[in-house]
Amino acid sequence: MKRCDLLVDAGRRRFLSGAGVAAAGAAAATVIPSVPAKAAVPAARVTYPSTRLGNVKDLKLNQPVGVAYPDAEAPGVLLKLGKRVPGGAGPDGDIVGFSTICPHKGYPLAYSADRRTLNCPGHYSVFDCEAGGQETWGHATQNLPQYSLRVDQKGDIFAEGLDELLYGRLSNVL
Amino acid sequence: MAYKRQIDRLPIVPADAKEHNVVCHYCIVGCGYKAYSWDIDKQGTTAPTGNKFNLDLSKQQGPDTDAWYAPSMYNIVKQDGRDVHLVIKPDKNCVVNSGLGSVRGARMAEMTYSSVRNTEQQRLTDPMVWRYGQMQPTSWDDALDLVARVTAAILANKGEDALFVSAYDHGGAGGGYENTWATGKLYFESLKIKNIRIHNRPAYNSEVHATRDMGVGELNNCYEDAELADTIVVVGANPLETQTNYFLNHWIPNLRGTSLDKKKAEFPNEAVEPGRIVIIDPRRTVTVNACEVEAGADRVMHLQINSGTDLVLFNAWLTYIADKGWTDKAFIGASTKDFDKAVAGNRTSLEEAARITGLTVDQIRQSAEWIAQPKGGGARRRAMFAYEKGLIWGNDNYRTNGALVNVALATGNVGRPGGGCVRLGGHQEGYSRPSDAHVGRPAPYIDQLLINGQGAVHHIWGCDHYKTTLNALQFKNAYKRRTDLVKDAMATVPWGDRQAMVNAILAAIDKGGLFSVDVDIIPTQIGQGSHVWLPAATSGEMNLTSMNGERRMRLTERYMDPPGRSMPDCLIVARLANHMERVLREMGKADLADKFKGYDWKTEEDAFMDGYHRHEKGGEFVTYARLRAMGTNGFQEPAVGLDTTGPVTAGTTTGQTPGMVVQGPTIEARGKEPAQKSEPSAAASTVPVASEGGKIIGTKRLYADGKFNTKDGKAIFMETKWRGLQASGKEEESKKFPFLINNGRANHVWQSAYLDQQNDFVMDRYPWPTIEMNPQDVTRLGLKQGDLVEVYNDNGSTQAIVYPTDRVKERQTFMLFAFPRGVQGNVVSAGVNEFIIPNYKQTWGNIRKLADAPEAVRGLSFKPQDYVAS
């Protein structure tokens with residue numbers, strides 16, 4: 001069972017191996033198909049903004065802070081979990097950020113501080129903030145989109161990417 | 001670390017994309033989907049005019065939008081040999097699911113065969129044969145010639161009883177009316193095979209004999225009844241995980257109270273309020289939790305009974321309800337018989353029932369009140385009864401099933417809005433076969449016969465005993481031993497010398513060997529023993545018809561090519577029959593050869609017209625063209641006519657026509673009344689079908705006229721006395737081993753994970769099967785979450801990873817069923833009921849540690865799976 005270690009990489013490779021997807025990706029944002037004389041050079045992934053979401057000192061243990069990323073239409077949460085977790089940033093590797101739109105049907109997730117999970121009141125899905133947003137139980141066919149976070153020397157927390165497609169948009173950056 | 005696809009954009013479905021009707025081919029609910037496909041070099045745009053949804057996709061879409069699809073709903077597949085983009089997304093206009101997608105069905109696209117995106121590369125693309133010590137590809141003609149020669153020789157030398165068959169009997173993937181008809185025609189019309197079994201049990205029998213013997217087909221209501229019921233009674237089922245969108249879209253509105261307007265409109269003269277629910281299950285499932293979240297704990301009764309004692313509870317309900325006078329006397333008088341006999345024979349006091357079931361007297365009394373106490377104003381309470389594998393694969397299947405139907409009949413809850421007494425189902429259904437009467441009852445216990453050395457040739461259609469039978473370890477050992485004899489013999493002769501090869505196989509069979517032919521879409525576990533694999537197409541790679549749990553029949557249209565040279569099962573049957581005819585003629589057996597005429601089908605539609613259209617009740621109204629036009633909503637079987645001509649009963653009944661009585665064998669008709677006409681090859685009905693126009697008129701509920709499926713039209717109450725743990729050896733096992741090894745499904749996983757085993761999202765969550773254990777037991781055994789443990793008893797052993805949770809009681813566990821990396825059936829005894837129905841649920845065993853959590857398990861979430869508001 002080596003597969004688990006490699007899953008993230010495999011997923012990325014698999015997607016990139018889909019030539020059709022990559023080619024289609026860039027033009028997906030193109031509105032008028034008749035104009036371009038030469039094909040656009042496709043980016044394999046969208047270009048994410050680097051967005052300051054807060055500072056380490058703003059975060060209190062296990063108290064969710066509402067944020068939005070990569071734009072105001074995409075609500076999310078920053079959490080300081082007090083222990084090193086997958087995708088965790090900051091000096092203790094314990095700061096994580098997630099989308100809070102359920103990837104099943106787009107309902108807003110609520111944070112359970114007791115369980116440290118994000119839960120969906122629409123259809124009862126549960127995502128584990130301490131396990132990379134893994135769907136502990138639920139209907140979404142993907143785990144919860146998690147932010148790539150960077151913490152600079154001043155303690156400012158920046159989101160710089162997402163690892164799954166956000167609900168309600170066919171491109172993470174609109 | 002949770003698996004992430006790292007997909008952050010998807011191609012947009014262009015406005016002119018092709019659109020096909022799709023019904024999810026996994027569970028019985030049969031959610032409606034649409035498949036959109038378009039050329040690989042084209043794509044839609046975010047502008048409203050540039051996409052299928054006519055929306056500005058440069059904007060964030062809101063909840064429940066129709067204009068979003070997850071990466072799992074996308075793939076690149078072949079269509080007529082060309083690469084196309086494919087999106088399969090839930091259909092908002094389907095009344096079954098109203099746009100909801102489950103974690104299983106919403107992965108249909110990702111679970112298609114794609115050589116571009118490397119999905120489901122396990123799919124078989126060529127016929128494979130045991131050659132030079134391994135499975136090697138060959139041509140259809142080569143493979144079928146070998147199968148036909150060996151099979152024909154056995155038929156000629158040993159007779160039909162030496163040909164053993166395992167064949168699915170259902171709808172959806174690995175089934176459908178086309179394919180059940182084809183296999184049925186081969187084995188029940190061309191041949192009269194009696195040594196045959198069904199995909200999930202070791203004999204050819206009904207899982208619900210009792211309700212059928214009482215005259216009540218088991219799929220008798222409609223999904224809307226769950227919105228209309230005053231009380232839903234659910235036994236041994238976990239519908240949030242196993243009939244997900246039926247539960248979310250039809251049960252929850254009732255529990256939330258959002259179906260009240262519908263109730264008021266339907267029942268203007270009686271008191272209505274939000275629904276209540278009674279759940280009988282030893283485990284506190286996510287279903288129980290969701291019901292409490294929506295209805296409030298005071299409108300939910302979770303009866304955590306002692307495993308296997310359901311029958312006693314039902315008898316106590318019947319007794320209490322009868323004594324209180326809460327029965328539907330008019331209905332009982334007009335439409336049933338033997339009520340008094342059943343009440344007398346089943347008399348069980350609340351106290352006695354409490355002692356055996358472990359419930360309190362108050363719980364039993366209160367649940368009976370919720371079922372039958374007349375409502376304010378004196379109106380009859382409408383209760384819907386639903387059951388599934390906890391009952392079906394539980395203790396004393398026949399009597400327990402009968403005991404529950406007794407309560408439904410006594411309270412007048414069959415054939416009425418807000419009622420029904422139904423199995424919830426696993427797969428969709430799609431049974432259409434010639435009579436199986438020659439099989440007999442009880443049917444032969446096939447797995448035991450195979451273990452004991454009987455049978456010479458084994459044809460397997462979409463079954464995997466290694467994962468989905470009881471006594472599985474012993475079966476595997478015997479099966480391997482017998483098929484190895486043939487493999488070793490095959491290795492002694494060159495492949496090109498066909499006569500020598502056949503002779504070597506026949507000689508090995510005479511020494512106790514078994515020649516095994518496996519028809520499937522992937523290499524299965526039982527296929528490890530097989531000598532020939534024949535590659536099948538699945539739903540969407542062929543046109544396929546099925547019906548769901550409310551008998552809703554639809555056509556899934558072919559939206560992509562089958563992998564390689566794989567073919568629909570019905571056409572594999574046809575080509576096998578062609579080869580059988582040729583070989584038997586060569587052998588000079590003209591009389592036998594003639595039996596294999598009538599297989600000149602070129603397409604699956606040919607098989608449909610030969611089977612369902614010509615033979616099933618109301619089939620004369622049903623054609624592919626009409627089904628296609630009726631989309632994902634289809635019609636509810638049986639068909640009774642067309643809107644252009646009005647209902648025509650055509651010599652069969654829907655239960656709507658007073659006095660009409662239906663008779664005949666009912667094996668797996670699954671809620672349809674038996675439908676076979678006298679002659680399997682009888683001419684088509686006199687009702688003209690030349691015109692393709694007209695919408696099919698269906699049947700919303702069975703038995704709405706109070707006429708049941710018995711000779712005199714009266715449903716029969718059944719005496720159902722308690723007799724403890726019925727299957728041989730279970731009582732002793734329960735005393736000998738400390739843990740109940742209860743078992744069942746998990747939301748993420750479809751069936752035996754035959755496709756999921758190559759899905760990264762699922763395998764990330766379930767690298768091994770889980771066994772839920774109470775934290776006290778985990779501590780007592782010195783275990784930790786994620787530990788790999790051995791589950792063992794006198795029947796065998798298997799493995800699972802420990803998931804501590806207090807939703808199982810101490811000394812009770814719950815193991816994921818039928819999972820490839822730890823087969824629960826290994827520890828299930830061979831004990832069955834009088835009709836050879838297995839008893840998976842009442843299994844006891846011990847548990848010991850094998851190893852610490854493997855690497856793949858270490859990052860897993862082991863948190864509670866039930867939703868909490870905060």
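Every value quoted in this text rests on a predicted model; they were computed, and no experiment measured them. Chain letters run A, B, ... following the sequence lines, proteins first, then strands; residues in each count from 1.
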**Q** Looking only at heavy atoms and a cut-off of under 4.5 Å, which of A/Cys102, A/Ala140, A/Pro145 has the most pairs with chain B?
**A**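 It is A/Ala140.
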**Q** Heavy-atom distances under 4.5 Å only: say whether B/Ala869 touches chain A with side chain, backbone, both or neither.
**A** backbone
**Q** Between B/Thr244, B/Asp83, B/Ile252, who has the most heavy-atom pairs with chain A when the cutoff is under 4.5 Å?
**A** B/Ile252
**Q** Take A/Gln134 and B/Asp764 through the side chain to side chain donor-acceptor pair (under 3.5 Å) test and state the conclusion after the steps.
**A** CA-CA 9 Å; A/Gln134 185 168 60; B/Asp764 178 57; 3.1 Å; yes
**Q** Looking at CG of A/Leu166 and CZ of B/Arg9, how far apart are the two atoms once the value is rounded to the nearest 0.5 Å?
**A**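 Between atom CG of A/Leu166 and atom CZ of B/Arg9 there are 13.0 Å.
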**Q** What part of B/Ser102 is in contact with chain A, defined as an atom under 4.5 angstrom from a non-hydrogen atom: side chain, backbone, both or neither?
**A**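 For B/Ser102, the backbone is the part near chain A, not the side chain.
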**Q** Pick whichever of B/Gly101, B/Ser114, B/Gly859 has the most heavy-atom pairs under 4.5 Å with chain A.
**A**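 Heavy-atom pairs under 4.5 Å are most numerous for B/Gly101.
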**Q** Looking at A/Asp163, A/Leu165, A/Asp128, which makes the most heavy-atom pairs under 4.5 Å with chain B?
**A** A/Asp163
**Q** I'd like to know which of A/Cys120, A/Ala113, A/Ala110 tops the heavy-atom pair count under 4.5 Å against chain B.
**A**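 So the answer, after comparing A/Cys120, A/Ala113, A/Ala110, is A/Cys120.
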**Q** Mark yes when over 12 heavy atoms from residues, nucleotides or ligands other than B/Arg82 sit less than 6.0 Å from its CZ; otherwise mark no.
**A** no
**Q** Any donor and acceptor pair, going by atom type alone, linking the side chain of A/His123 with main-chain N or O of B/Leu100 inside 3.5 Å?
**A** no
**Q** Check B/Ala2 against A/Gly132 and note the closest heavy-atom contact, atom names and distance.
**A** CB-O, 3.6 Å
**Q** Is any side-chain heavy atom of A/Lys105 closer than 4.5 Å to one of B/Leu248?
**A** no
**Q** Which answer fits B/Glu110, side chain, backbone, both or neither, if we ask what part of it has an atom under 4.5 Å from a heavy atom of chain A?
**A**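 For B/Glu110, there is no contact with chain A at all, as no heavy atom is under 4.5 Å.
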**Q** Could you check which of A/Asp114, A/Leu162, A/Val173, A/Thr136 has the highest count of heavy-atom pairs closer than 4.5 Å to chain B?
**A**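 Among the listed options, the one with the most contacts to chain B is A/Thr136.
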**Q** Side chain from CB out, backbone as N, CA, C, O: work out which of these in A/Tyr111 comes under 4.5 Å of a heavy atom of chain B, or both, or neither.
**A**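 The backbone, not the side chain.
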**Q** Hey, what do you get for CE (B/Met111) to OG1 (A/Thr141), rounding to the nearest 0.5 Å?
**A** 11.0 Å
**Q** Side chains of A/Tyr124 and B/Asn289: does their closest heavy-atom pair fall under 4.5 Å?
**A**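 They are not in side-chain contact.
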**Q** Tell me, side chain or backbone of B/Asp41 under 4.5 Å from chain A's heavy atoms, or both, or neither?
**A**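 For B/Asp41, there is no contact with chain A at all, as no heavy atom is under 4.5 Å.
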**Q** Does any backbone or side-chain atom of A/Leu118 lie under 4.5 Å from a heavy atom of chain B? Answer side chain, backbone, both or neither.
**A**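 A/Leu118 has no heavy atom closer than 4.5 Å to chain B.
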**Q** Check whether B/Tyr803 gets within reach of chain A through its side chain, its backbone, both or neither, counting any heavy atom under 4.5 Å.
**A**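 Side chain only.
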**Q** Counting only heavy atoms not in B/Arg256 (residues, nucleotides, ligands), do more than 12 fall under 6.0 Å from its CZ?
**A**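 Result for CZ/B/Arg256: enclosed.
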**Q** Would you mind checking which part of A/Tyr48 comes under 4.5 Å of any heavy atom in chain B, side chain (CB onward), backbone (N, CA, C, O), both or neither?
**A** side chain
**Q** Which bit of B/Pro864 is near chain A, if near means a heavy-atom gap under 4.5 Å: side chain, backbone, both or neither?
**A** both
**Q** To check you understand the geometry: which heavy-atom pair defines the closest contact between B/Asp866 and A/Arg115, and what is its length?
**A** O-NH1, 2.7 Å
**Q** To the nearest 0.5 Å, what is the distance between OG1 (A/Thr117) and OH (B/Tyr867)?
**A** 10.0 Å
**Q** Could you tell me whether a side-chain N or O of B/Gln60 sits under 3.5 Å from a main-chain N or O of A/Tyr167, the two making a donor and an acceptor?
**A**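 Yes; judged by distance alone, with no hydrogens or angles, the pair exists.
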**Q** If I compare all heavy atoms of A/Gln142 with all of B/Ala70, which pair ends up nearest, and what's the gap?
**A**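 What the structure gives for the nearest pair is OE1-CB, 3.6 Å.
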**Q** Just verifying a value: how many Å separate B/Asn747 CG and A/Trp137 CH2, rounded to the nearest 0.5 Å?
**A** 4.5 Å
**Q** Under a 4.5 Å cut-off applied to non-hydrogen side-chain atoms, are A/Leu174 and B/Lys59 in contact?
**A**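 When only atoms from C-beta onward are counted, B/Lys59 and A/Leu174 do not touch, as no gap falls below 4.5 Å.
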**Q** Which atoms of B/Val286 come close to chain A, meaning under 4.5 Å heavy atom to heavy atom: side chain ones, backbone ones, both, or neither?
**A**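 The answer is the side chain of B/Val286.
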**Q** For the pair B/Lys863 and A/Glu130, find out whether any cationic side-chain nitrogen is under 4.0 Å from an anionic carboxylate oxygen.
**A**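 Salt bridge flag = yes for A/Glu130 with B/Lys863.
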**Q** Does B/Arg765 come within less than 4.0 Å of A/Glu135, counting only side-chain N to carboxylate O?
**A**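 Salt bridge absent between B/Arg765 and A/Glu135.
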**Q** How close do A/Ser112 and B/Val868 get, heavy atom to heavy atom, and via which atoms?
**A** OG-CG2, 3.9 Å
**Q** Using non-hydrogen atoms only, which part of B/Pro854 is less than 4.5 Å away from chain A: side chain, backbone, both, or neither?
**A** neither
**Q** Consider side chain to side chain contact (heavy atoms under 4.5 Å, CB included). Of A/Glu164, A/Arg169, A/Arg45, which one does B/Asp8 pass it with?
**A** A/Arg45
**Q** To the nearest 0.5 Å, how far apart are CG in A/Asn143 and OG in B/Ser861?
**A**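 Taking CG in A/Asn143 and OG in B/Ser861, the distance rounds to 9.5 Å.
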**Q** Quick check: does any side chain N or O of B/Lys4 sit under 3.5 Å from a backbone N or O of A/Gly133, one acting as donor and the other as acceptor?
**A** no
**Q** Could you give the distance from CG (A/Asn119) to OG (B/Ser870), rounded to the nearest 0.5 Å?
**A**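 It is 8.5 Å, given to the nearest 0.5 Å.
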